[in-house]
Amino acid sequence: MNKLQTLHKVVDLAAKRRDDALLALGQAQRELQAAQDQMNQLRAYADEALGRWATRSTSGGVDAALLHHHRQFMEKITHAIEFQKSVQRSREEMVERVQAQVYAAERDVAGLRKYAERQQQAIDLRVMRQEQKSTDEMALTIHLRQSRAQAQGLRS
């Protein structure tokens, strides 16, 4: 396998790494969206519970047991929201890490492609110069033969 073929394989591997990073980014973004959706559901549920409590407390008296139950319930929802915030932060950090991997992979692919392009141009230039050299040598050989033929023709 020549150097250029090897270089193309390296470019292909870098592109695969980039594609894998893009897939991981998509997955991380979906997980972040799910965490955000869960947070929105928890907050909506907490708001709904507070609304029901406000309606219930203004419509009549509230006994101590019901108040205690409501406070415990709200503490659990608050705890769930705090936990979900940590999950959401974790997912955001994951998206940032994977995004950085995507950027690095994109840079690698672009750099390797540019390098491969320069290598191909160098090879093309060498081939063109070799062809020009061969053409020049052939033209010189033809010219020398014709010159000799003319010189022999003048001597006869």
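Put simply, CG on Leu140 and OG1 on Thr135 are 12.5 Å apart, with the number rounded to the nearest 0.5 Å. With rounding to the nearest 0.5 angstrom, the OG atom of Ser134 is 9.5 Å from the CD atom of Gln132. Taken from CG in Leu50 to CE in Met74, the straight-line distance is 3.5 Å, to the nearest 0.5 Å. Atoms CD and CD, from Gln29 and Gln27 in turn, are 10.5 Å apart once rounded to the nearest 0.5 Å. Within the model, atoms CD of Gln150 and CD of Gln152 stand 11.0 Å from one another, a figure rounded to the nearest 0.5 Å. One distance of note links CZ of Arg30 with CG of Leu25; it measures 9.0 Å at 0.5 Å rounding.
For residues 34-43, the set of pairs meeting the side chain to side chain donor-acceptor pair (under 3.5 Å) definition, not counting sequence neighbours, comprises Gln33-Asp37.
Contact record, Ala24 with Val98: C-CG1, 3.7 Å, taken as the closest heavy-atom pair. Nearest heavy-atom pair, Ala14 versus Leu112, reported as atom, atom and distance to 0.1 Å: CB-CD1, 3.6 Å. Heavy atoms only, all atoms of each residue included: Ala116 and Leu7 are closest at CA-CD2, 3.3 Å. A pairwise comparison of heavy atoms in Gln88 and Ala35 identifies CA-CB, 4.1 Å as the closest pair.
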Query raised in the report: Hey, mind stepping through Val87 and Gln84 against side chain to side chain contact (heavy atoms under 4.5 Å, CB included) and telling me if it holds?
Result: CA-CA 5 Å; Val87 169; Gln84 193 60 30; 3.9 Å; yes
Report task. Applying salt bridge (charged side-chain N to carboxylate O under 4.0 Å, His left out), run through Arg89 and Glu92 and close with a yes or a no. Result -> CA-CA 5 Å; Arg89 277 192 301 273; Glu92 288 168 349; over 6 Å; no
Report task. Decide side chain to side chain donor-acceptor pair (under 3.5 Å) for Arg118 and Gln121; before the verdict, give the C-alpha distance in whole Å, the side-chain angles of both, and the deciding distance to 0.1 Å. Result -> CA-CA 5 Å; Arg118 281 192 234 121; Gln121 288 172 347; over 6 Å; no
Requested in this report: Go through the steps for Val102 and Glu106 under the test side chain to side chain contact (heavy atoms under 4.5 Å, CB included), then give the verdict.
Outcome: CA-CA 6 Å; Val102 169; Glu106 285 287 355; 4.3 Å; yes
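No donor-acceptor distance shorter than 3.5 angstrom exists from the side chain of Gln72 to the backbone of His69, with no hydrogens or angles considered. The closest donor-acceptor contact from the side chain of Arg129 to the backbone of Leu125 lies at 3.5 Å or more, if one exists at all. In this structure, the side chain of Ser90 does not engage the main chain of Ser86 through any donor-acceptor pair within 3.5 Å.
The environment of Arg52 atom CZ is dense: over 12 non-hydrogen atoms of other residues, nucleotides or ligands sit within 6.0 angstrom. The 12-atom threshold is not exceeded at CE of Met94, counting heavy atoms of other residues, nucleotides or ligands nearer than 6.0 Å. The 12-atom threshold is not exceeded at OH of Tyr103, counting heavy atoms of other residues, nucleotides or ligands nearer than 6.0 Å.
Aromatic ring pairs are classed by plane angle as parallel below 30°, tilted from 30° to 60° and perpendicular above 60°; the pair His70 and Trp53 is parallel.
Here the side chains of Arg97 and Glu93 are in contact, with some heavy-atom distance below 4.5 Å. Counting only heavy atoms from C-beta outward, the side chains of Val95 and Arg91 never approach each other to under 4.5 Å.
A salt bridge links Asp20 and Lys16; the closest N-O separation between the charged side-chain nitrogens and carboxylate oxygens is under 4.0 Å. For Lys114 and Glu117, the salt-bridge test passes: some basic side-chain N is under 4.0 Å from an acidic carboxylate O.
When the side chains of ILVMFWY residues are joined at heavy-atom separations under 4.5 Å, either directly or via intervening members, Tyr45 and Met39 end up in a single hydrophobic cluster.
Under the 3.5 Å distance criterion, with hydrogens and angles disregarded, no donor-acceptor pair is assigned to the side chains of His79 and Glu75.
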